[in-house]
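Every chain is numbered from 1, with letters handed out A, B, ... down the list of sequences. Every heavy atom of this structure was used, including side-chain atoms; hydrogens, water molecules and symmetry mates were not.
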Amino acid sequence: MSKKKEYLKLFTKGLVLENPVLRLVLGTCPTLAVTTSALNGVGMGLAATFVLVGSGAVVSLLRNIIPSKVRIPAYITIIAGFVTVVQMLVKAFLPAIDSALGIFLPLIVVNCIILARAEMFAAKNPVIPSILDGLGMGIGFTATLTLMGMIRELIGAGSLFGLPITSSFIDPMVIMLLPPGGFFVFGILVALSNALAENFGKSKVSGTGCENCSACGGCPMSESKPEEVENTKSVTAENTKEQAEEEKQKKEDKTNE
Amino acid sequence: MQKLNVLSSPHISHNDTTGGIMLDVILALLPATICSFFFYGFRAIVLVAATVASAVASEYLWCQATKKASSLKDLSAVVTGLLLALNLPPDLPVWMAVLGGAIAIVIIKQMFGGLGHNFANPAMTARIVLMISFPTAMTTFTVPFTDTVSSATPLAELSSGTPDLIQLFLGYHAGCMGETSAALLLVGGVYLIIRRVITPTIPLSFILSAGIFAAILGVHPVATILTGGIMLGSIYMATDYATSPPTFLGQIIFGVGCGIITVIIRVFGNLPEGVSFGILIMNILTPQITKLTSPKPFSLEGKK
């Protein structure tokens with residue numbers, strides 16, 4: 001695979017196949033808490049993206065210097081630095097978003113997406129892939145939060161990005177702005193993205209073979225042990241191939257009956 | 001020569017089917033439903049039709065979309081729709097009722113695996129969703145035979161004085177469509193107990209504990225039992241098989257828990273009615289209650 005393609009894959013995997021919220025189920029707390037409106041979702045997502053990219057780059061640069069025993073405090077310090085920058089910028093230029101996000105803006109420090117990407121990816125890869133990974137993950141995070149915010153705002157308040165749409169003729173469902181509504185939307189989106197990724201993975205396996213297999217794309221374990229990635233990839237690819245064949249046979253049996 | 005058939009258990013079978021049980025529940029609810037038609041007229045018929053149609057249609061569409069065998073024949077969607085309708089105020093906009101039916105079936109029942117896998121009673125949880133979403137529409141009640149909007153149900157008057165108990169028992173007061181007539185709900189409950197569809201454990205412990213606890217807190221105990229959704233909830237919704245414990249002791253804990261939470265919410269909470277929340281909380285605790293009260297196999301008693 002050429003380098004460009006590899007970079008593109010690093011960037012795009014965070015959007016759907018390894019979407020941090022819906023596929024890796026990371027960062028659930030801010031996701032459920034701030035998505036009561038589309039604008040909050042965008043704000044939170046962009047702030048987290050900035051921190052992801054910045055901390056990914058710095059962690060990657062320092063990956064050979066930081067002793068592994070103290071790596072987590074070191075990562076947190078780096079992340080906290082970027083969060084402080086974001087928080088001061090948002091406070092200065094977007095005070096409305098700052099008051100809407102409240103405590104969840106400084107809490108980006110302990111957002112598990114950022115620490116997970118630092119630990120799993122940036123600590124083991126050069127700078128450019130780490131930046132691309134952070135950018136992809138961040139945009140995936142932003143897109144998901146915006147989508148959730150749009151759904152909840154449209155049904156719960158009858159507006160989109162603050163503009164009234166349906167509120168004049170339909171009573172909005174207030175529950176969508178409350179925690180239960182957040183869980184409803186979150187659960188349904190996770191189910192949909194799982195179904196999508198499953199279909200996507202299957203067609204890829206039968207279509208182009210092992211190289212483009214995305215079966216283990218959603219599994220964070222595959223990145224924690226880089227030297228084993230190739231093996232697990234081929235094994236899962238074979239497994240899914242076998243499964244697909246078995247299913248085909250079952251279907252044929254059924255039609256024969 | 002006799003033939004030896006080797007079969008795995010269960011060896012004793014019964015003729016009860018899910019559809020048969022659900023049909024019994026529908027029959028038991030009919031008096032209260034017809035009474036609501038009588039009290040509230042055409043709008044009650046429209047609401048019942050809307051929720052039942054919406055529940056059945058959602059069930060059918062879900063089965064089609066997920067390529068499952070259609071589960072319409074077990075009539076559970078009809079029961080859910082009917083129960084939901086009886087839990088709604090008669091003047092609710094029809095689209096909200098339709099939405100409630102769809103929420104009950106799709107989100108609360110089918111997404112958790114369908115009949116028998118739902119963690120909470122679908123009709124009751126859908127009522128809670130509607131209650132939180134549209135608080136004004138869900139608490140606007142009308143007096144039977146009139147169009148007069150009465151903001152105060154007997155439940156709200158409980159704190160100020162004692163309402164007429166006989167009127168409460170017969171159902172001539174404002175409230176949700178099926179909540180009004182305690183007498184007819186009791187008739188249906190007795191029918192279900194005689195048909196052995198439900199055991200009286202949960203309803204009795206629910207109703208008694210609510211009455212006793214209300215008396216302790218200084219609220220009129222009989223009026224507490226006869227108002228609001230205690231009759232409907234305890235007989236028809238707390239006894240849902242999938243969401244209540246199967247053991248005798250577990251059912252008593254379940255019923256008492258429902259009763260106490262209901263009265264606590266009514267007396268101290270800022271919501272007018274606590275039955276649905278009481279049942280929902282106990283629904284969620286059901287696996288734990290079942291685990292605690294399950295009989296231990298012989299020879300394992302006393303061991304951990």
Side-chain angles (χ1 to χ4, degrees), chain A residues 22 25 28 32-33 35-37 148-159 164-199 202-203 243-244 246-248 250-255 257, chain B residues 54 58 61-62 64-69 84 87-89 91-114 117-122 124-140 269-271 276-277 280-281 283-284:
Chain A
L22 299 177
V25 199
T28 314
L32 290 169
T35 52
T36 49
S37 78
M148 272 185 73
M150 282 167 74
I151 296 173
R152 289 178 69 182
E153 192 184 343
L154 186 62
I155 306 178
S159 58
I165 291 184
T166 58
S167 54
S168 53
F169 54 94
I170 298 177
D171 286 357
M173 281 183 76
V174 186
I175 197 170
M176 294 303 271
L177 297 183
L178 300 171
F183 278 102
F184 286 162
V185 177
F186 185 56
I188 291 169
L189 284 181
V190 168
L192 280 180
S193 72
N194 275 354
L196 267 179
E198 237 169 56
N199 287 339
K202 263 183 197 166
S203 65
Q243 278 171 5
E246 273 177 18
E247 277 176 13
K248 263 187 191 172
K250 273 183 193 169
K251 270 183 192 170
E252 279 171 11
D253 289 349
K254 268 187 190 171
T255 46
E257 277 168 23
Chain B
S54 154
S58 316
L61 289 176
W62 178 270
Q64 289 287 308
T66 54
K67 291 169 188 146
K68 271 202 226 164
L84 176 64
N87 265 298
L88 300 174
D91 277 337
L92 194 79
V94 174
W95 69 267
M96 288 183 190
V98 170
L99 185 70
I103 289 171
I105 294 296
V106 174
I107 293 185
I108 296 146
K109 192 170 110 188
Q110 293 293 2
M111 283 197 171
F112 287 92
H117 299 277
N118 48 314
F119 74 98
N121 184 302
M124 195 197 56
T125 318
R127 178 199 137 92
I128 292 179
V129 171
L130 290 180
M131 178 81 201
I132 297 175
S133 298
F134 314 110
T136 326
M138 284 294 285
T139 48
T140 309
N270 59 0
L271 285 164
S276 40
F277 288 97
L280 179 64
I281 292 171
N283 278 169
I284 293 166

>> What verdict does the side-chain contact (heavy atoms from CB on, under 4.5 Å) test give for B/Met111 and A/Ile188, after you've listed the backbone C-alpha separation in whole Å, the side-chain angles of each residue and the deciding distance to 0.1 Å?
In response: CA-CA 9 Å; B/Met111 283 197 171; A/Ile188 291 169; 3.8 Å; yes
> Where does B/Ile103 contact chain A at under 4.5 Å (heavy atoms): side chain, backbone, both or neither?
Replying inline: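 For B/Ile103, side-chain heavy atoms alone lie under 4.5 Å from chain A.
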> Which atoms of B/Leu130 come close to chain A, meaning under 4.5 Å heavy atom to heavy atom: side chain ones, backbone ones, both, or neither?
Replying inline: neither
> Can you say whether A/Pro172 sits under 4.5 Å from chain B via the side chain, the backbone, both, or neither, judging by heavy atoms?
Replying inline: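 Just the backbone, heavy atoms under 4.5 Å.
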> Side chain, backbone, both or neither: which part of A/Leu177 has an atom under 4.5 Å from a heavy atom of chain B?
Replying inline: neither
>> Show, in sequence, the C-alpha distance, side-chain angles and deciding distance for B/Met131 and A/Ile175, and conclude whether the side-chain contact (heavy atoms from CB on, under 4.5 Å) test is met.
In response: CA-CA 9 Å; B/Met131 178 81 201; A/Ile175 197 170; over 6 Å; no
> Which atom names give the shortest non-hydrogen contact between A/Val174 and B/Ser133, and what distance separates them?
Replying inline: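 Closest heavy-atom pair between A/Val174 and B/Ser133: CG2-O, 3.2 Å.
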> Any side-chain heavy atom of A/Phe184 sitting closer than 4.5 Å to one from B/Val129?
Replying inline: yes
